[in-house]
There are 2 protein chains.
Amino acid sequence: MVATPSRRDRVRAATVAEIKDTARRILVAEGPDGLSLRAIAREMGMTAPALYRYFPSREDLVIALIADLYDELVEAMVAARDAAAAAGSEPGVPDELLPLGGASRGFRRWALANRREFGLLFGSPIPGVEIEKSDDDDPAHQAAHRFGQVFGELVGGLYLSRPFPVPADEDIPPPLRAELANWSQAFPVPLPLGAAQVFLSCWIRLYGAVAMEVFGHLRFALTDAEPMFELELRDLGSKLVPASTVSTSG
Amino acid sequence: MVATPSRRDRVRAATVAEIKDTARRILVAEGPDGLSLRAIAREMGMTAPALYRYFPSREDLVIALIADLYDELVEAMVAARDAAAAAGSEPGVPDELLPLGGASRGFRRWALANRREFGLLFGSPIPGVEIEKSDDDDPAHQAAHRFGQVFGELVGGLYLSRPFPVPADEDIPPPLRAELANWSQAFPVPLPLGAAQVFLSCWIRLYGAVAMEVFGHLRFALTDAEPMFELELRDLGSKLVPASTVSTSG
DNA sequence: CGTTCACGATTAACACTGTTCACTGCGGTG
DNA sequence: CACCGCAGTGAACAGTGTTAATCGTGAACG
């Protein structure tokens with residue numbers, strides 16, 4: 001299928017990569033508003049129309065950049081996950097939660113180190129950039145899916161190896177139950193609807209904590225949000241642990 | 001101090017209001033990118049440079065618009081709060097929580113009905129628009145403060161009238177304790193640091209749930225996020241209620 | 001009442017933006 | 001060698017925020 005890519009294809013791929021790297025650099029330096037085709041081309045010693053040989057529009061370039069950023073984020077999270085698992089136990093934290101905690105901290109660390117990029121991935125959608133596309137072949141959507149899988153595998157694997165308490169199907173309000181049932185059809189492994197609900201709740205809290213910090217929406221209260229994040233993380237972990245082992249200190 | 005404003009001042013104020021209203025209309029119709037000075041002026045039968053008689057730059061216009069939007073959001077939340085308080089009891093919800101629940105639902109409803117505006121207030125900060133200003137005289141910051149006070153008063157009043165369980169100061173990790181102590185100095189009424197921590201945690205979850213839904217970041221799992229929001233709201237409420245009355249069903 | 005002057009508003013212009021079009025070269029292929 | 005396709009260019013179009021110079025009118029003051 002994949003024959004040796006012709007020499008032209010290689011230099012083309014290299015140019016595409018250079019465009020995205022340059023765009024990335026300008027994004028962090030100037031912000032999304034300064035991310036103009038002419039600026040990218042200027043920095044590469046080209047002219048703006050030449051970029052249309054590689055991307056049909058600025059929007060598609062941004063989408064490709066977003067896909068790359070998702071992959072980079074996944075890489076950082078996976079590395080943090082494995083490092084945390086290898087580092088060994090933390091006081092008061094069950095060993096099974098270490099990978100998940102590592103991935104969560106990796107998520108926050110990447111977000112803080114790459115605020116502009118985080119805003120592109122998880123901020124308010126910019127009109128004209130993959131709004132309501134819902135194209136499943138959209139590379140950004142695929143990358144986002146890979147990102148979600150990291151957390152999904154961790155929580156799902158956690159539940160399968162040592163179930164944490166989840167509400168029974170009958171205890172979930174019917175409208176939510178229907179939503180969760182619909183979603184759970186996409187799971188690679190069958191999980192109870194309650195597990196999906198707990199996962200979603202945890203993800204909402206994690207997103208809230210990180211997004212608020214990165215976007216500066218916690219500055220009204222905190223100058224350094226890390227202690228609060230750590231507390232949230234522990235509270236989240238307490239929900240993913242068998243009921244008897246919970247230490248109610250938060 | 002405030003003498004009868006001269007006739008000129010009145011028509012000027014009216015023009016300022018019309019500019020912001022027009023900007024608002026264009027914002028919802030075209031999105032933040034379509035919010036151009038020329039478009040505003042065109043719709044008002046003027047030319048773009050005339051707007052510089054009223055706002056020193058586009059950024060200042062947007063900031064003024066943001067302040068207005070905060071006030072509108074506060075108005076919607078207050079109305080929802082009072083309506084919920086007057087409507088009477090919900091099954092399984094203590095009456096004291098009704099105003100807070102109403103305000104929270106009002107927050108979500110306004111956010112969903114005004115997605116673009118919500119993105120402006122609570123999304124990723126756009127560079128060039130009040131980034132890192134921290135001018136306390138910034139009208140947008142003042143309006144944001146008024147917004148925060150709505151939730152602050154509700155949770156604070158709730159605690160003062162019927163305390164909910166909060167961690168003791170000694171049980172809060174020292175770094176977080178220092179952050180909360182610093183923040184609590186700005187409180188109009190003294191509250192335990194634990195109450196500040198619970199408030200912050202609740203606000204993070206509420207923000208996370210609403211922001212994810214509005215920004216479309218929950219579509220990977222849910223087509224309608226309302227049932228999940230209602231569940232989060234109940235779980236939040238269970239933290240703001242005396243320990244004995246908690247019904248552990250989530 | 002007449003003068004003055006600040007303010008509202010306009011047109012023209014500058015430096016940008018995304019995008020399209022017509023046009024050059026050059027590299028790889030037949 | 002001839003050819004075709006592709007990378008890249010410059011010009012152009014419509015639009016942007018913003019500034020400068022200018023004009024006219026309404027309000028205030030002597």
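So you know, we letter chains A, B, ... as the sequences are listed, proteins then strands, and number each from 1. Just so it is clear, the model here is predicted, and its values are computed rather than measured.
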Report summary line: Residues A/Leu180 and A/Gln197: closest non-hydrogen pair is CD1-CB, 3.6 Å
Report task. Hey, could you give me each pair passing side chain to side chain donor-acceptor pair (under 3.5 Å) that has a residue in residues 38-56 of chain B? Not counting sequence neighbours. Result -> B/Arg25-B/Glu43
Report task. Identify whether the distance between the nearest side-chain nitrogen and carboxylate oxygen of B/Arg105 and B/Glu226 falls below 4.0 Å. Result -> no
Query raised in the report: Roughly, in whole Å, what's the span from CG in A/Leu61 to P in C/dG18?
Result: 10 Å
Query raised in the report: Expressed in angstrom and rounded to an integer, what is the separation of B/Arg10 atom CZ from D/dG26 atom C1'?
Result: 14 Å
Please tabulate the protein-to-nucleotide N/O contacts below 3.5 Å involving nucleotides 14-16 of chain D, giving atom names and distances.
{"unit_1": "D/dT16", "atom_1": "OP1", "unit_2": "B/Ser36", "atom_2": "OG", "d": "2.8"}
{"unit_1": "D/dT16", "atom_1": "OP2", "unit_2": "B/Arg42", "atom_2": "NH2", "d": "3.4"}

Report task. Using atom types as modelled and distance alone, determine if a side-chain donor or acceptor of A/Tyr70 lies under 3.5 Å from a backbone N or O of A/Leu65. Result -> no
Query - Whole-Å distance separating the CG atom of A/Asp9 from the C1' atom of C/dG27 - result: 13 Å
Query raised in the report: Got a sec, which residues hit ring-ring contact (aromatic ring centres under 6.0 Å, His included) with B/Trp183, two or more places apart in sequence or on another chain?
Result: A/Phe220, B/Phe187
Requested in this report: Any pair with a residue in residues 11-23 of chain B that passes salt bridge (charged side-chain N to carboxylate O under 4.0 Å, His left out), sequence neighbours left out, goes on the list, sorted by first then second residue, please.
Outcome: B/Lys20-B/Asp68
**Report entry** Between C/dT17 (C1') and A/Ile26 (CD1): distance, integer Å
**Finding:** 14 Å
Query - Value in whole Å for how far the P atom of C/dG8 lies from CD1 of B/Ile19 - result: 10 Å
Report summary line: With sugar-phosphate taken as primed atoms, P, OP1 and OP2 and all else as base, the protein-contact string of nucleotides 4-10 of chain D at under 4.0 Å (heavy atoms; B, S, -) is --SBBBB
**Report entry** Spacing between B/Phe55 atom CZ and D/dT18 atom P, to the nearest angstrom
**Finding:** 13 Å
Report task. Begin with the C-alpha distance, continue with both residues' side-chain angles, and end with the deciding distance and a verdict on ring-ring contact (aromatic ring centres under 6.0 Å, His included) for A/Phe122 and B/Phe215. Result -> CA-CA 8 Å; A/Phe122 296 100; B/Phe215 296 159; over 10 Å; no
Extract all donor-acceptor atom pairs below 3.5 Å that involve side chains of residues 146-153 of chain B and protein atoms in other chains or at least two apart in sequence.
{"unit_1": "B/Arg146", "atom_1": "NE", "unit_2": "B/Asp71", "atom_2": "OD1", "d": "3.2"}
{"unit_1": "B/Arg146", "atom_1": "NH2", "unit_2": "B/Asp71", "atom_2": "OD1", "d": "2.9"}
{"unit_1": "B/Arg146", "atom_1": "NH2", "unit_2": "B/Asp71", "atom_2": "OD2", "d": "3.2"}

